[in-house]
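Presented below is the structure to which this report refers.
Sequence lines set the chain letters: A, B, ... in the order given, protein chains first and strands last, and positions in each chain run from 1. Worth knowing before you read on, the calculation uses all heavy atoms, side chains too, and leaves out hydrogens, waters and symmetry mates. In this text the structure is predicted, and so the values were computed from the model without any measurement.
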Amino acid sequence: MNDLNHEERPKTVTIIVNGRKKTLPKKEELTFEEVVALAFDNPPTGDNIQYTVQYTRGHGHKPSGTLVEGQSVKIKEGMEFDVTSTNRS
Amino acid sequence: MSRRLIALSPDLLRMQNEGYDLEIRGGYLLVRNVPYVDTSGTVRLGILISKLELSGDKTVKPTDHVAYWTGEHPCHSDGSKITAIQNSSAPQDFGDGVKADHTFSAKADYRDYHHKMTTYIGRIAGEAAKVDPLATARTYPAIPADDKSCVFKYVDTATSRAGIGAVNAKVAGQKVGILGMGGTGAYVFDLVTKTAAAQIHIFDGDVFSQHNAFRAPGAPSLEDLEIKPQKVTYFADLYSNMHKGIVPHDVYLDETNVALLDGLDFVFICIDRGPVKRVVIDRLIANGTPFAEVGMGVVIHEGQLGGIVRLTTSTPDTREAAAPHISYADDDGGANEYATNIQIAELNSLNAVIAVMAWKQHFGIYRQSRPHFYTGYSIGSGEFVHESAA
């Protein structure tokens, strides 16, 4: 039906990072570093900072999981990410 | 000794679990605080007594149907004597302070002491209940632990009532360490003190302050706070009411004292400081000690709190996979706009619960189809995110 109207399939994907909607160009994967950058405008860095990244509502074969440095994940419409420095107890 | 006999004898354990006030003295079983009706129609309390026949440390099927009674002869609700159980009324002294005023006889083939005693109690206390509906021999008395080897000051009737003694015994005798007695560490401690772990070593060099009271189990008084106790002192004093194996260490761990962790069977790491954590974890890995490391990150956005409550479980089988998930982020390094210290009692408590469950899973109390080295609770989505080796 879309084809009849010559509408193109959406070129963006909206994900949720720490409760904020982020609309991204449709692309295959986000890296750990890209997710952190989406979570914080100016991510603090250095030896004393470390992030935990986890996601839910991802792709079917692994709808939830974590990302550590060097890893990436295929994004999906409505996918939710939590990104914090989980060092408090 | 008598508690051991009760624990090993299913009929006596069943009576204890049903709330009867048992005592074993000089070869006799006493059930105290059994309500009965006297000749004036008043409800009073007596003691039902039976000789105990034993084989080793356990009861056997009673061969004697006779029971004894300390008190006036029990009556029907109208004040007339219950003649159906009446026998001799000559006072008897069985020694060890066990004395009877009456002997009862109601012949039956008693299967065990539960059957025998509850049959007599039914007749006697049943009449009392007609006079006072609240009268019952099932008083659920507080039961001190008389066994020196017991880690508790009083008997763990929750475990015996649930019939899971053998399951819970899987952590009995362990030496457990809890590093950091902030919110999460305090809740971990609260849960571990309810287990039969032999020694619970708690480590913290900090003072228990007013703000800690709002992220800790229990409710300290203003007077408790005014004396500014050390955290480990406050918690050790309070929980020594219940558990006998609490070992407080009023220190911050570092290279000079990290050997205090040697010989522990499991360690909960509930500290904020990255460099200390490195020292501790290096030692635990060198020692082959399994540990649970917890932490949370909670951020505020548009007036609402979100974030992650996380557990990393590192055992000799999951060291490598667990390593990248352990947070070495440091309290002092967070001089930025995102540095917050948002923690709420229920989040600390949740973090502690999943950590204590991981400990119990590691030692086989809880079933675990896939051992997780990472567990993270997402506040926003309400989902648990797991990473497991399989």
Check your understanding: Would you find more than 12 non-hydrogen atoms of other residues, nucleotides or ligands less than 6.0 Å from A:Lys62 atom NZ?
Key -> yes
Check your understanding: More than 12 heavy atoms of other residues, nucleotides or ligands under 6.0 Å from NZ of A:Lys22: is that the case?
Key -> yes
Practice item. Would you mind checking which part of B:Ile308 comes under 4.5 Å of any heavy atom in chain A, side chain (CB onward), backbone (N, CA, C, O), both or neither? Key: both
Point to revise | Atom pair CG (A:Asp82) and OG (B:Ser381), whose distance is rounded to the nearest 0.5 Å | key: 6.0 Å
Check your understanding: Any idea which heavy atoms bring B:Val385 and A:Tyr55 closest together, and the distance?
Key -> CG2-O, 3.7 Å
Practice item. Would you mind checking which part of B:Ile326 comes under 4.5 Å of any heavy atom in chain A, side chain (CB onward), backbone (N, CA, C, O), both or neither? Key: backbone
Practice item. Please indicate whether B:Gln304 has more than 12 foreign heavy atoms, meaning atoms of other residues, nucleotides or ligands, lying under 6.0 Å from its CD. Key: no
Revision key, fill the gap. Heavy atoms of B:Asp330 and A:Asn87 approach each other most closely as C-ND2, 3.9 Å
Check your understanding: For A:Gly65, does its backbone N or O pair with a side-chain atom of B:Glu387 as donor and acceptor, under 3.5 Å?
Key -> no
Check your understanding: When you check the side-chain N and O atoms of B:Asn351 and A:Ser89, is any donor under 3.5 Å from an acceptor?
Key -> no
**Study point:** Best-contacting candidate, B:Lys277, B:His386, B:Glu383, against chain A by heavy atom pairs under 4.5 angstrom
**Key:** B:Glu383
Review point. Any side-chain heavy atom of B:Val298 within less than 4.5 Å of one from A:Arg88?
Key: no
Check your understanding: Atom OG1 of A:Thr52 and atom CE of B:Met296: how far apart are they, to the nearest 0.5 Å?
Key -> 12.0 Å
**Study point:** Of B:His325, B:Glu293, B:Arg310, the residue whose pairing with A:Thr86 passes side chain to side chain donor-acceptor pair (under 3.5 Å)
**Key:** B:Arg310
Review point. For A:Gln50 and B:Ser327, does a side-chain donor sit closer than 3.5 Å to a side-chain acceptor?
Key: no
Exercise for review: Go through A:Asn18, A:Val83, A:Thr56 and name the one with the most non-hydrogen pairs under 4.5 angstrom from chain B.
Suggested key: A:Thr56
Check your understanding: Of the listed residues (A:Gln54, A:Arg57, A:Arg20, A:Glu80), which shares the most heavy-atom pairs with chain B below a 4.5 Å separation?
Key -> A:Gln54
Review point. Is the count of non-hydrogen atoms from other residues, nucleotides or ligands lying under 6.0 Å from A:Lys74 atom NZ greater than 12?
Key: no
Review point. Using non-hydrogen atoms only, which part of B:Tyr377 is less than 4.5 Å away from chain A: side chain, backbone, both, or neither?
Key: backbone
Check your understanding: For B:Gln210, does the CD atom have more than 12 heavy-atom neighbours from other residues, nucleotides or ligands under 6.0 Å away?
Key -> no
